[in-house]
Amino acid sequence: MEREKIRELIAGMTLEEKAGMCSGDDFWHTKAVERLGIPRSMVSDGPHGLRKQDQEGDHLGVNDSITAVCYPTGCATAASFDVDLVGKLGEALGESGQAEELSVILGPAVNIKRSPLCGRNFEYYSEDPYLAGKIAASYIRGVQSKNVGTSIKHYLGNNQETRRLTVDTRIDERTLREIYLPAFEEAVKKSKPWTVMGSYNKVNGEHTVESKRFLTDILRDEWGFDGYVVSDWGAVCDRVEGIRAGLDLEMPSSNGMRDQQIVEAVRNGSLDEKLVDRAVENILNIVFRFMENKDPNAEFDREKHHKYAGEVAKECIVLLKNDGVLPIDFTKKKVAFIGKYADTPRFQGGGSSHITCHKVTGALEAAKELGLDGNIIYAKGYEDEKDETDEKLLSEAVEAARNADVAVIFAGLPDAFESEGFDRKHMRMPDCQNLLISEVAKVQPNVVVVLHNGSPVEMPWVSEVKGIVESYLGGENIGIAQAEILSGKANPSGKLPETFPKKLSDNPSYLNFPGEGDVVEYKEGIFVGYRYYDMKEMDVLFPFGHGLSYTEFTYANLKVSKDNFNDTEEVTVTLDVTNSGSMEGSEVVQLYVSDVKSKVIRPVKELKGFSKVKLAPGETKTVSFTLDQRSFAYYETAISDWFVESGEFEILAGSSSRDIRLKTTVTVTGTKKIPVTYTIDTPMIDVMEDPRAIKLAEPIIEAGKMDSLDVSEGEGMGAAAEEMAEAGMLFSPLRNVLSFGNGTMDPKRLQQIVDEMNKQ
Ligand code: BGC
């Protein structure tokens, strides 16, 4: 429906009806106004399947929902580094959403994985905002191509579960702009999500759902968002303030109580009715967009989707380590499948994203389906309800391993370790599983560990095993993907969307997670994930972007379309990638940009492009990337804008953040200026930046020369005396000419010169 028509409809609504539109009818529906032909519309979780509750609703995944298909979770799909795949996954979700008459799927969830401990990391994409943004934009494009909306969440600064409803997340402006906003920004600008979900927490003292700055100034005015903003379920504190700020829809229903507050505020003149109209217009625009584009032929063929979930999972699995043990020839080798997760895998997390699955296929069953099971023996190895070693299960597992040629241990984090609603307490796997792995490794030289987890775990046994396969939480058909990867029917091609540190205390948020009381300060600033580990030159367990293949890739011919250009120009970077091994495979080529020398503190390098290419053995493809101003910029708070500092930048192409294969240098000229204001307190070193200012400051420099100071005389200080004099000069504020100069400069003249320096 056109906006004009919507406005006409709104003009015919009573104030009570309008206020009513601004909150849910129940847990999942917006309200209908029958006399005006406004229908109810249903929204549903997300993000990696449909949690449609057609009976009792709840936001914790406790009550029943319809049978649906659980796709790989966010952490896994990000590991695919494959925007096309995620787009297609979005289409599949959109189509099922159509079939189930859902106007909006509540996802994607793009919060940055700040700490490995965040309980909800499994739903989130990455520690890197560029990757998270690209994946999210693609997901949204896919879902919405089927005329079902998305709700990108949780906007903003919701990077932990501890006190998530009340915590105040303190983030400085540059860090907000460079780390926590960009995934939302990219998705909103490029894919126009129909809705945005405001988070529970506060940012810098303000509830995000009451923040005009975040909901209107940035989201709508800067990025052009034109859908509705919905509160996370139960996030609303001051409803009237929310309307003012740009929170359109409150969810779930407040049983009319907060609608009444809106009505009263309008009646007593403290709230402009136009702001209520604005919220209603935003909501109805989306309600009608869905209603008018319904696809009566949409189908949700669960069996087809189950199969597709396995296809997606295959692209997401990351091969972390392989000392020649993989792939396994199941026809020749006797293989012990050890661990409960071989039979009943952990493939999704607890909470609002929890799907009631159509069916679940674990590796054991998948191996049967693929006819690989002739030589497989299975031992359960552990229970996962409690972290206790079951001696009987342990010794059976060790026996099975002893009698096999290879032992594959299916391990990982149990539900109780990782879920929405609470954070992990440590980064370890259950002790009973770590023990099992070590005991098996004592009797069997060929051990592969297959992991099921939503974020990094410590691996005390890393050097005791020959292979490690990261499945993440790979959806209900993870078993097929695992069996195909283990057997070499498929070639692994996922890459880590986050760093696996050696231990929790290596993580940059360690000293400030989850904060003190209701305050968490992001003191690590922009140094999140690899940005920190690189800067610290720290050894990590597995770096960002890491992932092995059964084939080899070689990189050559890195070229940039220009090597000297202005930041207003776009340049193209190309390189050739060859599959130099003997198996078909896909490589994720990663492009990082590094500012060689910078006045501000910047990460060693940052991801600015990636591309997944499929290559037959011997095949070469040229991969191409576009770099623009933003690729070279940092956020300069002095001008509230992105800023490129003129100088040299390295363009790095690699197979991981720590496996850079090619590099070249370009010179970029920044075209924006940072205005400078001089005062008598400005140090000389800052004056030296600007030839015009130096010229004007000459009389000050002249008057500042201390004839009595002969650095060559500096008794006992030798070279230090010269250094000291030089530093003394550079770091002296202009006013020091009055204290240490030759007496020819007076305060009035000094101020006149400074005023002159400030004239443009
Ligand atoms: C979660 C959201 C979810 C909502 C509705 C909240 O608890 O934070 O991600 O979409 O519930 O279930």
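The figures that follow rest on heavy atoms only: side chains count, while hydrogens, waters and symmetry mates do not. Atoms within a ligand are numbered from 1 in the order they appear, just like the ligands themselves. Bear in mind the structure is a predicted one, so any value in this text is a computation, not a measurement.
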**Prompt:** Side chains of Asn507 and Ser509: do they bring a donor and an acceptor to under 3.5 Å?
**Reply:** yes
**Prompt:** Which protein heavy atom lies closest to atom 2 (C) of ligand 1, and at what distance to 0.1 Å?
**Reply:** Asp232 OD1, 3.3 Å
**Message:** Counting only heavy atoms closer than 4.0 Å, does ligand 1 sit against the backbone of Glu161, its side chain, both, or neither?
**Reply:** neither
**Prompt:** In ligand 1, which numbered atoms sit nearer than 4.0 Å to a non-hydrogen atom of His154?
**Reply:** 2 (C), 8 (O), 9 (O)
**Fill in**
shortest atom 11 (O) of ligand 1-to-protein heavy-atom contact is with His59 CB, 3.3 Å
**Message:** Minimum heavy-atom separation for Glu161 and Ser419, please, with both atom names.
**Reply:** CG-O, 4.3 Å
**Prompt:** Does Arg114 count as lying over the ring of Tyr522, i.e. NZ or CZ under 6.0 Å from the six-ring centre, within 45 degrees of the axis?
**Reply:** yes
**Prompt:** With atoms numbered from 1 as shown, which atoms in ligand 1 lie under 4.0 angstrom from a non-hydrogen atom of Ser352?
**Reply:** 1 (C), 2 (C), 3 (C), 9 (O), 11 (O), 12 (O)
**Asked** Which atoms from ligand 1 have a heavy atom of Leu106 less than 4.0 Å away?
**Response** 10 (O)
**Message:** Heavy atom to atom 9 (O) of ligand 1, shortest distance: which of Met197, Arg120, Glu420, Glu123 holds it?
**Reply:** Arg120
**Message:** By the definition side chain to side chain donor-acceptor pair (under 3.5 Å), identify the one residue from Asp232, Asn158, Thr208 that meets it with Ser199.
**Reply:** Thr208
**Request:** Provide the number and element of each atom of ligand 1 under 4.0 Å from a heavy atom of Arg51.
**Result:** 12 (O)
**Request:** Just let me know how Trp28 lines up against ligand 1, side chain, backbone, both or neither, with a heavy-atom cut-off below 4.0 Å.
**Result:** side chain
**Request:** Among all protein heavy atoms, pick out the one at the shortest distance from atom 5 (C) of ligand 1; state its residue, atom name and that distance to 0.1 Å.
**Result:** Asp45 OD2, 3.3 Å
**Asked** Within the distance-only criterion (no hydrogens, no angle test), does the side chain of Lys52 pair as donor or acceptor with the backbone N or O of Glu100 below 3.5 angstrom?
**Response** yes
**Prompt:** Is a side-chain donor-acceptor pair under 3.5 Å present for Glu524 with Asn512?
**Reply:** no
**Side-chain ion pair, Glu127 and Arg531, N-O less than 4.0 Å** = no
**Item:** Proximal atoms of ligand 1 relative to Lys153 (non-hydrogen, under 4.0 Å)
**Value:** 2 (C), 3 (C), 9 (O), 10 (O)
**is_close_aromatic(His305, Phe300), centroid dist under 6.0 Å** = yes
**Item:** Atom indices of ligand 1 within 4.0 angstrom of Arg164 heavy atoms, with elements
**Value:** 7 (O), 8 (O)
